[in-house]
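What you see below is based on every heavy atom in this structure, not just the backbone, and it leaves out hydrogens, waters and symmetry mates. Chain letters run A, B, ... following the sequence lines, proteins first, then strands; residues in each count from 1.
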Amino acid sequence: MKDIRYIFAIKEAMQEEMERDENVFLMGEDVGLAGGSFGASKGLFEKFGEKRVIDTPISEAGFTSLAAGAASCGLRPIIEIMFMDFVTCCMDSVVNQIAKMRYMFGNQYAMPIVVRMPEGGGQNAGPQHSQCLEAWFAHVPGLKVVMAANPYDVKGLLKSSIRDDNPVIFIENKTLHAMKGQIPEEDYLIPLGKADIKRVGSDVTVVTASRLVNDSLKAADQLEKEGISVEVVDLMTIQPWDRETVFNSIGKTHRLVVAHEAVKQFGFGAEISAAVNEELFDELDAPIFRVGAPFVPIHYSLEKSYVPGVEDVKKAIMAAMG
Amino acid sequence: MKKLSNEQLIEFYKNMLRIRRTEEKLMEVFSAGEIQGFLHVSVGQESAPVAICANLNDDDYIGTTHRGHGYAIAKGIDLNRAMAELFGRKAGYCMGRSGSMHLADLSKGVMGANGIVGGGIPIVVGAGFAAQYKGTTQVAVSTFGDGATNEGAFHEAMNLAAVLNLPVIFLCENNGWAEFSPRPIHCKIENLADRAASYGMPGVIVGNDVIEIYQACAEAVARARAGEGPTFIEVKNDRWHGHFVGDAQKYRGKEKVDAAMAKDCIKDLENLLLKEKALKKQDIENIEKSIADELEAAVAYARECAYPDPSEMADGLYV
C-alpha cells in the first residue's frame, strides 16, 4: 500500500490506462502543457506527448463532440471539463450525441468516452464554478454517472470507466482533490454499478455519494456515541445505481436518509427515495429524509452555510430515528 | 485537374438520378403515410453528394445533416436496408430507431445523419482526428447547410480542425434557406466561404455543377490525404422543396420555387451527355427503368420486414 492524494490517484489511473491501451488519449483545456487546471494530468504531456495529451481551444462543445466522433472510429477518449458548470456549453454533445449515438445508430459501434469533471463548492468560486449537476445526466438514458469519495475509489472507478464501452460522466469533487488515502501498489479496478457499504450499521441507512460519503461517516461516528448505529452506503455509480445493495440495507435498518451536495429538489436522492417507496414501502419504519443544498444558486460568501455537511446528515438521521 | 471520362460522367448521372428517384419515391410513400416522422429531401441538390463521394473510399467518413439521404446513397448504402430503416423496421440500418433523420452505416463510413443543426460537424472532425491519430490516409467529410454555419458547433469544429491540422472537408451546401428563413435574415455575408479565412483554411466557392464540385472536392481530398489540413467548400445551390416534405413554402412564394426548379443539375448533365453523344435517349430510359425496379424492390422489401418488438426497445442501450 502507499499514500496518495485524490488528484494524483486520478493521474495514476489515466497514466496506467494510457500505458495499457494506445487508443486511450486525454483531451481538454490546459490538460497538456499546464498539467490540468487542478493538476490531474501533471506529467502526462511529458510522458505521452502532444499526440495523446491534447490541449484544446476553449471549445467544450467542439472537443466533446470531436471525442464522440473519435470514439465511434475506435479510439477511447478521456475528456476533461475544467469545471462541471462548463458542461452546460456542451450539452448537445453529451445529451443528444454521446448518450444516443450507439443506440440511435442501431448498436453499430461502442461509445467508450469518459467525460471527467470536478463539481462542488469549497473554493468560494460562486454560482458558475461550484454546481453539482449529476442528476441531469442520470436522467439521460445511455450515460453512466460515477462519483468517487476518496483516493482509492477514484482510481479504481476511473480505470473501470476508461475500460467501459459506454459513455461515463465521471464526477470528481474539488474539496477531495487534496484528500490523502491508501491505495495498493498493484493494478486494481472497482466495478461500475456496484455500491460500497462504507460503514456497517443496524439502525438507519444513509445512501450517499462523493464528498457527502465522508461527511456521513463522520456523522455516523458521532452518533455511535449516542447509541445510534448508522450504515453508510456509497453508491459510487449514480446511474445505473445498485438497487440490490441499497434495498438489502434498508431491509436490515428499516430507515433511510439520502444525502448529496446537489440541490435537494430533483436530486438523485429523490429517485432513490421514490424507488424505495415503490418497492419497499412495507419495510420502512419512518419517512425517508433527504439532505441536499437549498434551492438557490450556490452563494459566494455564504458558501459554508449553503453546502450541506455533517450536521445536516446528523439532523436527518435523528429525524429518521424519530 | 482530374480529367473526367464519359464513363465517369455517366456514372455521375446514374448516381444523381438514383438519389432523385429515391427521394421522389420516399415523398410518395411518406405522403401515403407509410413513413412517419419528418422527411427532409434534397431534390435539386444531387450534385454535391455524387461529386464528393466519387472522391472517397469506403473507409473514408462522411457525416450529414437531417437532409442527408443523397450522401448516404452516394456513399454506397444498401437501399433495401435504408428503406427498411425509414419504414421503421428492425432490419433497417438502425433497427428502426432512427428513421430518415439519423440514417447511418458505419461499414460504409456513413457516420450518420444528425438531427441537430451543426451538431454533427465536430463529430466528423473527430473521425478526422481518429484518422490522423492512427496514421491512416482516411479523410472525413462533414456536409451541412448554410443555416448550420451560424451555430457555435460549426465555429468550434472549423477552428479545431484547423489548429489540429485534421484531414477534414467541410462541404457546405448554401441553398439560401435556413429552414424557413432566407439568407439575409440569418447571415450578413453572401459568400460563406469568406468565413474559412478566419480559421486559417482555404475557402472555395462552386456552383451546382457536378463536374465543378468534383474538381474542388478532388483538390480538398488530396490536400487532406497529404496531411495539409482542412478545406471549406461552399456549393451554391437551391432547394426545390420545403424544409420538410409537406412544407407549403408560403414564406417563399411560387416564383422563387419555380426559379429554383428551373435550374436542374441532373438535366444539365443529361444535356451534356446527349450533346456529346455519350448517352442516347434509349440509354436514359434503361437507366430510369433499372432505378425504378430497384426502388420498387426496396419498398417491397421494407414493407415485408417486421417492426421491432417493444420488448427489444432497450436492447444494447448499454454494453
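- Your options are A/P167, A/C73, A/A70, and the one with the most heavy-atom pairs under 4.5 Å with chain B is A/C73.
- Counting heavy atoms from C-beta outward, A/M27 and A/I78 have side chains that stay 4.5 Å or more apart.
- Residue A/F266 places its CZ atom among 12 or fewer non-hydrogen atoms of other residues, nucleotides or ligands, all under 6.0 Å distant.
- For A/A67, no part sits under 4.5 Å from any heavy atom of chain B, backbone or side chain.
- For B/I121, no part sits under 4.5 Å from any heavy atom of chain A, backbone or side chain.
- For B/L317, the CG atom is densely surrounded, since the number of other residues' heavy atoms within 6.0 Å is greater than 12.
- In the displayed structure, A/E46 atom CD is contacted under 6.0 Å by more than 12 heavy atoms of other residues, nucleotides or ligands.
- Comparing B/I116, B/V163, B/L166 by how many heavy-atom pairs each has under 4.5 Å with chain A, the most go to B/I116.
- Considering only heavy-atom pairs separated by less than 4.5 Å from chain A, the leading option among B/V125, B/L103, B/V124, B/L106 is B/L106.
- Residue A/M111: no heavy atom, backbone or side chain, is found under 4.5 Å from chain B.
- At least one donor-acceptor pair under 3.5 Å links the side chain of A/D85 to the backbone N or O of A/H129.
- A distance below 6.0 Å separates the ring centres of A/F83 and A/F38.
- With a threshold of 4.5 angstrom between heavy atoms, A/I54 approaches chain B through side-chain atoms but not through N, CA, C or O.
- Of the listed residues (B/A157, B/A131, B/P122), the greatest number of heavy-atom pairs within a distance under 4.5 Å of chain A belongs to B/P122.
- Ranked by heavy-atom pairs under 4.5 Å with chain B, the first of A/A68, A/P240, A/A99, A/P141 is A/P141.
- Judged as a side-chain contact (heavy atoms from CB on, under 4.5 Å), and not counting sequence neighbours, the contacts of A/A262 are A/C132, A/E134, A/H260.
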Would you mind checking chain A against chain B for donor-acceptor pairs under 3.5 Å and listing them?
unit_1, atom_1, unit_2, atom_2, d
A/E22, O, B/Y133, OH, 2.6
A/V24, O, B/Y133, OH, 3.4
A/K51, NZ, B/Y133, O, 3.0
A/R52, NE, B/Y133, OH, 3.2
A/A61, N, B/E156, OE1, 3.2
A/G62, N, B/E156, OE1, 2.5
A/C73, O, B/K134, NZ, 2.3
A/Q97, OE1, B/N114, ND2, 2.8
A/Q97, NE2, B/N114, OD1, 3.1
A/R102, NE, B/G316, O, 3.0
A/R102, NH2, B/G316, O, 2.8
A/Y103, O, B/R97, NH1, 3.3
A/Y103, OH, B/M313, O, 2.5
A/N107, OD1, B/R97, NH1, 3.0
A/N107, ND2, B/D315, O, 3.3
A/Q108, OE1, B/L106, N, 2.8
A/Q108, NE2, B/Y93, O, 3.4
A/Q108, NE2, B/A104, O, 2.9
A/G142, N, B/Y318, OH, 3.1
A/L143, N, B/Y318, OH, 3.3
A/L143, O, B/Y318, OH, 2.6
A/N166, OD1, B/V319, N, 2.9
A/N166, ND2, B/V319, O, 3.0
A/Q239, NE2, B/Y318, OH, 3.4

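- With salt bridges taken as basic N to acidic carboxylate O contacts below 4.0 Å, one links A/K47 and A/E19.
- With a 4.5 Å cut-off on non-hydrogen atoms, B/A153 does not touch chain A at all.
- Contact check for A/K194 versus A/D196: no side-chain heavy atoms found under the 4.5 Å cut-off.
- One distance of note links CZ of A/F63 with CD1 of A/I79; it measures 6.0 Å at 0.5 Å rounding.
- Heavy-atom distances place both the backbone and the side chain of B/M313 under 4.5 Å from chain A.
- Using the six-membered ring where Trp is involved, B/F144 and B/F232 have ring planes that are tilted, between 30° and 60° apart.
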